[in-house]
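Everything below concerns the one structure shown next.
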Amino acid sequence: MSHFNARSLILATVLAIGIPTAVQAQYVGPSSQKVTVTVADILKNPVDDQEVMLRGVLLKKISKEKYIFSDGKNEIRVEIDDRDFPTQAIDETTRIEIRGEVEKDFMESPEIDVKMISILR
């Protein structure tokens with residue numbers, strides 16, 4: 001096999017199997033799924049793995065990747081992986097939007113496993 005053909009074969013294989021890239025864009029437009037809720041709704045009736053979108057602030061860091069989030073009325077614990085944190089600095093006055101899933105383990109208060117965090121302008 002010639003050098004050119006081998007390179008073409010490798011390129012075709014990479015394109016065919018779709019090697020994932022390090023950064024993947026996400027769809028953030030309208031959805032048929034209702035994901036906006038309040039912290040009060042989650043605390044009142046936590047549904048494990050329920051998708052949620054909340055707006056508010058991170059009041060404080062309580063441990064590695066764990067924070068207290070407030071929507072202005074109620075507070076809930078959230079987990080934000082360091083790799084998902086924005087590069088821009090955030091403090092207790094920075095308004096953010098978080099998207100994630102409710103985590104409800106037996107005998108524990110619910111928390112949000114944050115998958116995406118955006119700074120609001």
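Bear in mind that the values here come from a model prediction, so they are computed numbers and not experimental data.
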Point to revise | Atom pair CD1/CG of Ile42 and Asn74 - distance to nearest 0.5 Å | key: 10.0 Å
Check your understanding: If you measure from CD on Gln50 to NZ on Lys104, what distance do you get to the nearest 0.5 Å?
Key -> 13.5 Å
Point to revise | Check: Thr38 and Lys73 side chains under 4.5 Å, non-hydrogen atoms | key: no
**Study point:** Close side-chain approach of Arg55 and Ile96, heavy atoms under 4.5 Å
**Key:** no
Study note, to complete from the structure: Residues Asp48 and Val102: closest non-hydrogen pair is OD1-O, 3.4 Å
Review point. Sub-3.5 Å donor-acceptor pair from the side chain of Glu65 to the main-chain atoms of Asp82, do we have one?
Key: yes
Check your understanding: Rounded to the nearest 0.5 Å, what separation is found between the CD atom of Glu75 and the CG atom of Leu59?
Key -> 5.0 Å
Check your understanding: How far apart are the closest heavy atoms of Ala89 and Ile119, and which atoms are they?
Key -> O-CD1, 4.5 Å
Point to revise | Close side-chain approach of Ile90 and Ile117, heavy atoms under 4.5 Å | key: yes
**Study point:** Shared hydrophobic cluster for Leu43 and Val57 (ILVMFWY, side-chain gaps under 4.5 Å)
**Key:** no
**Study point:** Atom pair CG/CD1 of Asp84 and Ile98 - distance to nearest 0.5 Å
**Key:** 12.0 Å
Point to revise | Expected output: side-chain Asp71 to main-chain Gly56 donor-acceptor under 3.5 Å | key: no
Review point. Asp113 and Glu103: which non-hydrogen atoms are nearest, and at how many Å?
Key: CB-CG, 3.7 Å
Review point. Any Lys/Arg nitrogen of Arg99 or Glu97 sitting under 4.0 Å from an Asp/Glu carboxylate oxygen of the other?
Key: yes
**Study point:** Listed once per pair and sorted, the ring-ring contact (aromatic ring centres under 6.0 Å, His included) pairs that draw on residues 40-68, sequence neighbours left out
**Key:** Tyr67-Phe85
Review point. What distance do Glu101 atom CD and Ile112 atom CD1 have between them, rounded to the nearest 0.5 Å?
Key: 9.5 Å
**Study point:** For Ser63, all residues meeting side-chain hydrogen bond (donor to acceptor under 3.5 Å, both in side chains), sequence neighbours excluded
**Key:** none
Point to revise | Side-chain heavy-atom pair Met53, Val37 within 4.5 angstrom cut-off | key: no
Review point. At what distance, to the nearest 0.5 angstrom, does CD1 of Ile80 lie from NZ of Lys64?
Key: 12.5 Å
Review point. Counting distance only, does the side-chain N/O of Asp41 pair as donor-acceptor with the main-chain N or O of Lys44 below 3.5 Å?
Key: no
